[in-house]
Amino acid sequence: MINRRSFLQLAAAAGASVVAGDRVRAQTQRPNIVVILADDIGYGDTGPYGATKLKTPNLDRLAARGLRFTNAYCSSATCTPTRYALLTGEYAFRNPKAAVLPGNAPMLIAPGRHTVASVLKESGYTTAVVGKWHLGLGDDNVDWNGVIKPGPAEIGFDYSFLIPATGDRTPCVYTENDRVVGLDPKDPIEVQYGTPIPGEPTGVLNPGLLRWHPSHGHDQTIVNGISRIGYMKGGDSARWVDEGMADTITRKATDYIRKQGPTAREGKPFFLYFNTHDVHVPRVPHPRFQGKTGCGIRCDATLQFDWCVGQIMEALDEQQLDENTLLVVTSDNGPVIDDGYEDGAFEDLNGHTPAGHLRGSKYSIYEAGTRMPFLVHWPGRVKPGVSDALMTQVDFLATFAALAGATPPAAAGPDSLNMLPALLGESTQGRKFLVEHAGALIALRMGKWKYIPAYDRPVGSMYWNRAQRPANSPAELYDLDADPSETANVAARFPAVVKSMDALLEALRTNPKAQP
Ligand code: NG6
Ligand code: CA
């Protein structure tokens, strides 16, 4: 691991041979770090990963100027656990509470816990989170009309602008630095899960008020003609407009970059964690994106995501921060087509393959559940190309700490490894192995092998049958080199591999340091 001093010495040595003053400064400064985390965008959803039914020009440009990873993972096949692991550097399977949370859940990450944000902040970064949160806010009985604490500030973020849970869950409002935005105190918000709030129209009782119908769940409080999960009342002036969501949060993210520009150029770097809503349900892209792709509303939302990425790149460029900013674009779990609304996404796909060549989807233990698009862009440092190194978002904590020259406390990020050389494309050597996680299942990826242990009960999504694994599933072993789509279970042919991978996975359940 490089420490801060050796980083600066190395950088200074590299910079000394360059005449242009700006470039010297850029190379001797610690980089800004921007992570863009998409929602439910799959391995095959975008141009850099082979999509042809829609164009993603900004991602294409990013990939052409950056490093495209083919074996990079998120922690888990759903959102909350992935986000938990990304920030804490702990595999989400270790914490049973790290499952998809309702919109009124208390904050999942304990105040004071070490996170990517707190480690960077302690080493001198200015930190911000914008967009989808879905890690719980406040305590057990959160009052949405007051100061909502604990929140991002308690785990290292100087600034926050949030979609508290998901677009399909109440409360349908934004928070900024622990308060609901635009709230009229005379019209207080009430949020409830489980029991309906009398007098508030719901999807189940008022289907005539809906723009489109739920296909499963999503039949509770109606906001903007869309019924959601959960109930809410009041807060009319604070309610978001779905069509404007991408514009609103992207604007907050680019405003932040513009505001940080002068101090960042002077040497005070920032960390921005930008979480888009696209392409989670409900998919309501701005009208300027609707119908603009050949593959339906889900692709239109992907086009909107591409626009969001382009806006971030433009702001970095405009602020002359492009050369000295590490930008990582990835996603929180695999793709799903029908995730609870009859929005035509399935009917209009037109041959688009969200998972690319991978098997599975969101919620699934197969590769598409957790293998993510993963683009790294840092023109001042990272050479364009493709890397097959085994990578995971769980390593952000240790890797970004190394980049910042910080030494995180021993207790920080128990599963997080410093993968800086691989992230920067200076090494082709990524992780030796990593754990994949979907609901109650874990699996092991090691080299070319993927091992899923036998399970004696059905697991997977109730709603997405293709992710379902039936009861009494036998152990599965796939050779991802020969069989990247996991079609042939070769467990019976390679008993020794099964045995050793099973032993390692079992050991990893309790010991993050376990080795083969
Ligand atoms: C599921 C929802 C799904 C989505 C998911 C969370 C139903 C039937 N399904 O329970 O629509 O909200 O939770 O998605 O309610 S995630 O990307 O935030 O993990
Ligand atoms: Ca998600």
Side-chain angles (χ1 to χ4, degrees), residues 35-43 45 73-87 92-93 97-105 108 131-137 162-172 193-194 202-204 212-221 223 226-231 242 245 274-284 297-298 301-302 305 329-343 345-346 354-355 360-364 368-373 393 437-440 459-468:
V35 172
I36 304 181
L37 189 68
D39 201 348
D40 296 2
I41 284 193
Y43 191 80
D45 265 324
Y73 291 77
C74 61
S75 156
S76 310
T78 49
C79 162
T80 302
T82 279
R83 286 159 205 258
Y84 170 86
L86 185 155
L87 284 179
F93 78 81
K97 288 188 177 158
V100 174
L101 292 176
N104 62 349
L108 175 64
K132 179 173 173 178
W133 180 244
H134 210 187
L135 289 168
L137 285 173
L162 306 178
I163 298 163
T166 62
D168 58 349
R169 282 175 176 75
T170 62
C172 300
Y193 276 70
T202 59
V204 68
W212 58 64
H213 294 277
S215 55
H216 21 241
H218 301 97
D219 58 2
Q220 301 176 355
T221 292
V223 175
I226 300 166
S227 49
R228 320 268 166 164
I229 306 171
Y231 301 96
D242 299 79
M245 190 176 265
F274 177 40
N275 301 263
T276 70
H277 176 255
D278 294 309
V279 294
H280 199 281
V281 295
R283 303 176 186 118
V284 197
I297 195 77
R298 191 175 171 282
T302 309
F305 170 72
V329 180
T330 182
S331 181
D332 72 335
N333 53 249
V336 56
I337 301 165
D338 175 354
D339 205 18
Y341 294 101
E342 290 174 358
D343 60 3
F346 197 78
S361 66
K362 179 176 181 176
Y363 308 115
S364 166
T370 53
R371 191 149 9 135
M372 295 291 105
Q393 297 164 4
H437 171 223
V459 277
S461 166
M462 288 187 285
Y463 312 110
W464 185 247
N465 287 331
R466 274 178 248 184
Q468 183 94 20

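Counting starts at 1 for both ligands and their atoms, following the listed order.
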> If you count the atoms of ligand 1 from 1 in the order shown, which ones are under 4.0 Å from a heavy atom of T78?
Replying inline: 19 (O)
>> Less than 3.5 Å apart, any donor N or O on the side chain of D338 or S215 sitting next to an acceptor on the other?
In response: yes
> Should D242 and R228 count as an ion pair when the cut-off is N to O under 4.0 Å?
Replying inline: yes
>> Side chain, backbone, both or neither: which applies to R83 and ligand 1 if a contact is any heavy-atom pair less than 4.0 Å apart?
In response: neither
> Mind checking whether Y341 and W212 have parallel, tilted or perpendicular rings, split at 30° and 60°?
Replying inline: perpendicular
> Judged by atom type as modelled, is there a donor-acceptor pair below 3.5 Å linking the side chain of H218 to the main-chain atoms of H216?
Replying inline: yes
>> Which atom name does D40 have for its N/O/S atom nearest to the Ca ion (ligand 2)?
In response: OD1
> Quick one: which ligand 1 atoms are inside 4.0 Å of a heavy atom on H134?
Replying inline: 18 (O)
> Is it the side chain, the backbone, both or neither of V100 that has a heavy atom closer than 4.0 Å to ligand 1?
Replying inline: side chain
> Is D339 salt-bridged to R283, going by a charged N under 4.0 Å from an acidic O?
Replying inline: no
>> Could you check whether any side-chain heavy atom of T82 comes within less than 4.5 Å of a side-chain heavy atom of M372, counting everything from C-beta outward?
In response: no
> Which single N/O/S atom of D39 lies at minimum distance from the Ca ion (ligand 2)?
Replying inline: OD1
>> Strictly under 3.0 Å, is the Ca ion (ligand 2) approached by any N, O or S atom of T78?
In response: no
> Any side-chain heavy atom of Q220 within less than 4.5 Å of one from V204?
Replying inline: no
>> Heavy-atom distances under 4.0 Å decide this one: backbone, side chain, both or neither, for Y341 against ligand 1?
In response: neither
> So which N/O/S atom does D332 have closest to the Ca ion (ligand 2)?
Replying inline: OD2
>> List ligand 1 atoms under 4.0 Å from D39, heavy atoms only on the residue side.
In response: 17 (O)
> Relative to the heavy atoms of D339, which atoms of ligand 1 are at a distance of less than 4.0 Å?
Replying inline: 3 (C), 4 (C), 11 (O)
> With no hydrogens and no angle check, is any side-chain donor or acceptor of H134 less than 3.5 Å from a backbone partner on L101?
Replying inline: yes
> For K132 and ligand 1, does the shortest N/O to N/O distance drop below 3.5 Å?
Replying inline: yes
> By number and element, which atoms of ligand 1 are closer than 4.0 Å to a non-hydrogen atom of N333?
Replying inline: 17 (O)
> Are I41 and T276 close enough that some pair of their side-chain heavy atoms sits under 4.5 Å apart?
Replying inline: no
>> For Q393 and T330, which I'm curious about, is there any donor-acceptor pair between the side chains at under 3.5 Å?
In response: yes
> In ligand 1, which numbered atoms sit nearer than 4.0 Å to a non-hydrogen atom of D168?
Replying inline: 3 (C), 4 (C), 11 (O), 12 (O)
> Side chains of S361 and V336: closer than 4.5 Å at any heavy-atom pair?
Replying inline: no
>> Need the ligand 1 atom indices (1-based, order shown) with element for anything under 4.0 Å from a heavy-atom of T166.
In response: 18 (O)
> Which ligand 1 atoms, with their elements, are less than 4.0 angstrom from a heavy-atom of C79?
Replying inline: 16 (S), 17 (O), 18 (O), 19 (O)
>> Using a plain distance cutoff, I'd like to know if T80 has any nitrogen or oxygen under 3.5 Å from a nitrogen or oxygen of ligand 1.
In response: no
